[in-house]
Amino acid sequence: MSALNREPAVAGMFYPADPAVLGGMVDEYLNEAKTTGPAPKAMIVPHAGYIYSGPVAATAYARLQTARDTIKRVVLMGPTHRVAVQGLATVSVNTFTTPLGVIPIDQEALGLVKDLPQVVVSDLAHQQEHSLEVHLPFLQACLDDFSLVPFAVGEASPKQVAEVLEKLWGGDETLIVISSDLSHFLDYQTAQKKDRITSEHIVSLEFEQIGYGDACGRNPVNGLLYVARQHGYDVELLDLRNSGDTAGDKSRVVGYGAYVLMNSQSKDVVTGKKTDTGLGTGRYTWDDGQQLIKLAKASIKHGLETGQPLPVNPEDYNQALGEQRACFVTLNENNQLRGCIGSLEAHRPLVKDVSDNAYAAAFRDPRFPPLSDAELEKLDIHISILTPASPMSFSSESDLISQLRPGKDGLILEDVGHRGTFLPSVWESLKTPEQFWRELKRKAGLPYDHWSDTIKVSRYETQYFP
């Protein structure tokens with residue numbers, strides 16, 4: 001790697017070094033992919049040698065054909081295989097090169113994230129790393145002029161990765177590409193079963209369920225799923241195979257999946273109508289969320305000083321934060337719940353709901369004593385913005401449980417004068433639908449085995465800011 005350019009490290013190994021042969025191979029994969037649909041906002045694609053994972057990756061890249069003139073920036077994240085990294089490593093060089101040509105690095109985009117503590121500069125982490133490089137020829141074949149924002153991801157939490165993605169999310173001009181294979185070196189049938197389960201977690205946005213043994217790129221994958229859950233995006237599985245299906249034997253295989261992430265508010269390609277997850281124009285950005293968390297903390301501080309929540313004027317905030325929305329404010333101290341109060345129905349501007357609920361969570365949650373001055377700086381504040389609740393229809397308790405979506409559904413239970421709710425974030429500790437439902441009944445003051453013909457259950461989703 002020169003001071004200005006990152007040269008190809010695996011040309012001639014993972015893919016052909018000859019430009020004509022390489023271009024022909026990529027075009028052949030794309031032509032055989034036979035996938036249709038609008039261009040995705042993001043994709044998860046494998047990074048093995050082309051003879052193994054190229055056909056699978058192509059099923060996602062073929063979806064870019066309609067956006068080759070629109071996409072001008074690609075944020076590319078892949079796991080580190082050779083150099084240990086704490087956080088996300090970007091580069092100091094100006095260009096990346098493949099046999100198909102030169103790709104400029106988007107220095108302006110990197111400037112948006114350079115001050116984040118989890119972002120570091122390490123040309124060494126990129127020098128021999130194949131997880132990013134193998135995607136570049138596909139991008140060069142599918143897009144016209146574009147710049148690159150590369151990250152070799154080491155030890156990083158979903159929240160840390162998500163924070164970087166949020167800063168770089170952009171609009172239709174920006175594509176997010178996450179590089180990851182699935183299971184490694186299992187026998188064919190075991191790998192198929194394991195990869196199917198992992199794919200179900202990916203499509204369901206259940207990033208808490210994906211470990212290193214499920215996907216080598218689980219850190220950037222989980223960060224993308226974190227963002228997708230917050231913003232109501234949908235993930236679609238396009239292809240799921242392994243090296244035993246493409247070019248290897250079946251005794252020790254590596255799994256490959258191709259997934260695309262679509263905005264569920266975008267126009268449906270069949271009906272032409274917009275779909276909506278319920279947050280409408282209130283799809284809040286990362287910066288919006290951080291502003292709300294600061295407001296919650298300010299209201300708690302004001303409560304310590306005056307005994308009242310902080311007064312807020314919605315006109316001092318952007319339009320989305322002034323809309324009527326329902327929210328919950330959750331307070332944790334030393335990873336233990338310290339208070340949680342919220343609204344199930346929108347009845348006031350979101351900023352006022354946040355301010356009042358933060359105050360109530362700190363001082364009026366009957367499960368805890370009022371917050372003290374010494375505790376304020378120890379608090380972790382979390383905000384969940386709710387969609388309108390929708391009644392569920394079910395024929396039995398088992399039918400109800402079968403409809404629950406782990407990690408996604410919040411529930412409201414009402415029966416015989418009892419009422420209780422669990423936010424979607426509760427799935428982090430109650431992993432199965434059976435556990436979630438049983439403990440919700442207990443929270444509502446009902447026995448574990450309670451069931452009746454009068455029971456009512458509604459569900460909602462949230463946009464969650466930690």
Side-chain angles (χ1 to χ4, degrees), residues 6 22-23 26-27 29-31 33-47 54 56-78 88 90-91 94-113 131-151 153 161-162 164-180 217 220-221 223-225 227-228 231 233-236 238-239 258-269 283 285:
R6 191 269 187 192
L22 173 59
V26 171
D27 287 343
Y29 288 146
L30 292 171
N31 290 334
K34 295 182 176 63
T35 54
T36 59
K41 177 59 187 178
M43 58 176 64
I44 301 171
V45 277
H47 55 237
V56 179
T59 62
Y61 281 111
R63 292 279 290 266
L64 301 181
Q65 304 288 353
T66 60
R68 64 179 308 119
D69 297 328
T70 304
I71 296 171
K72 299 298 181 183
R73 179 174 72 182
V74 178
V75 178
L76 176 58
M77 292 186 176
L88 298 86
T90 188
V91 291
N94 295 327
T95 56
F96 274 31
T97 301
T98 80
L100 299 184
V102 177
I103 305 171
I105 302 301
D106 192 329
Q107 300 294 344
E108 181 179 353
L110 287 177
L112 298 175
V113 297
S131 72
L132 279 69
E133 180 181 329
V134 297
H135 296 293
L136 302 180
F138 275 103
L139 291 166
Q140 288 171 302
C142 294
L143 304 177
D144 289 335
D145 297 329
F146 71 96
S147 60
L148 188 68
V149 191
F151 295 93
V153 182
V161 175
V164 174
L165 290 174
E166 290 273 11
K167 294 286 188 182
L168 299 171
W169 199 253
D172 292 342
E173 83 290 341
T174 301
L175 171 71
I176 312 293
V177 177
I178 304 297
S179 175
S180 181
V221 167
L224 177 66
L225 299 182
V227 175
H231 291 283
Y233 281 77
D234 296 322
V235 175
E236 177 186 354
L238 299 181
D239 197 359
Y259 314 82
V260 291
L261 184 148
M262 305 296 297
N263 184 348
S264 57
Q265 275 203 327
S266 61
K267 280 190 176 181
D268 185 276
V269 294
R283 285 184 177 279
T285 67

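These numbers come from a predicted model, not from an experiment.
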Can you tell if the side chain of Leu224 reaches within under 4.5 Å of the side chain of Tyr233, non-hydrogen atoms only?
no
Walk me through it: do Tyr61 and Leu139 pass the test side-chain contact (heavy atoms from CB on, under 4.5 Å)?
CA-CA 8 Å; Tyr61 281 111; Leu139 291 166; 3.6 Å; yes
Side-chain ion pair, Arg63 and Glu236, N-O less than 4.0 Å:
yes
Residues two or more places apart in sequence or in another chain: which of them pass side chain to side chain contact (heavy atoms under 4.5 Å, CB included) with Thr97?
Asn5, Pro8, Val102
On a heavy-atom basis, which atom in Val149 and which in Ala109 lie closest, and how many Å separate them?
CG2-CB, 3.8 Å
Nearest non-hydrogen partners of Ala62 and Ala33, listed with the distance
CB-CB, 3.8 Å
So, the side chain of Arg68 versus the backbone of Cys142: is there a donor-acceptor pair under 3.5 Å, distance only?
yes
Using a 4.5 Å cut-off on heavy atoms from C-beta on, say whether the side chain of Phe146 contacts that of Asp106.
no
Quick check: closest heavy atoms across Pro38 and Met262, and the distance to 0.1 Å?
CG-CE, 3.4 Å
Thr70: partners by side chain to side chain contact (heavy atoms under 4.5 Å, CB included), with sequence neighbours left out
Ala67, Asp172
May I ask you to test the Tyr259-Val221 pair for a side-chain heavy-atom distance under 4.5 Å?
no
Does Gly78 offer a backbone N or O that forms a donor-acceptor pair with the side chain of Ser179 under 3.5 Å?
no
Measuring from Arg6:CZ to Thr98:OG1, what's the distance to the nearest 0.5 Å?
10.0 Å
Among residues at least two apart in sequence or on other chains, which ones pass salt bridge (Lys or Arg N to Asp or Glu O under 4.0 Å) with Asp27?
none
Are Val91 and Phe96 side-chain neighbours, meaning at least one heavy-atom pair lies under 4.5 Å?
yes
Tell me the closest heavy-atom pair linking Ser131 and Val134, and the distance in Å.
O-CG2, 4.1 Å
May I ask you to test the Leu168-Val113 pair for a side-chain heavy-atom distance under 4.5 Å?
yes
Spacing of Leu30 atom CG and Thr59 atom OG1 [to the nearest 0.5 Å]:
10.0 Å
Taking the side chain as everything from C-beta on, heavy atoms only, tell me whether Val161 gets closer than 4.5 Å to Val153.
yes
Would a distance-only check, ignoring hydrogens and angles, find a side-chain to backbone donor-acceptor pair under 3.5 Å from Thr95 to Pro104?
no
List the steps and the verdict of side-chain contact (heavy atoms from CB on, under 4.5 Å) for Leu76 and Leu136.
CA-CA 9 Å; Leu76 176 58; Leu136 302 180; 3.9 Å; yes
Between CG of Leu175 and CD1 of Ile71, what distance do you get to the nearest 0.5 Å?
4.5 Å
If we only count heavy atoms from C-beta on, is the Tyr29 to Phe138 side-chain gap below 4.5 Å?
yes
From NE2 (His135) to CD (Gln140), nearest 0.5 Å
13.5 Å
Distance-only, no hydrogens or angles: does the Lys41 side chain make a donor-acceptor pair with backbone N or O of Val260 under 3.5 Å?
no
Output yes when a side-chain donor or acceptor of Lys72 lies under 3.5 Å from a complementary backbone atom of Asp144, and no otherwise.
no
Show the nearest heavy-atom pair for residues Leu100 and Gly23, with the distance to one decimal.
CD2-N, 4.2 Å
Nearest heavy-atom contact between Pro220 and Met77 is CB-CB, 4.0 Å
Roughly how far, to the nearest 0.5 Å, is the CG atom of Leu112 from the CH2 atom of Trp169?
15.0 Å
Enter the distance from Leu165:CG to Ile178:CD1 here, rounded to the nearest 0.5 Å.
5.5 Å
Determine the sole option in Val75, Leu132, Leu88 for which the side chain to side chain contact (heavy atoms under 4.5 Å, CB included) test with Pro150 is passed.
Leu132
Below 4.5 Å, heavy atoms only, C-beta onward: do Leu64 and Pro40 meet side chain to side chain?
yes
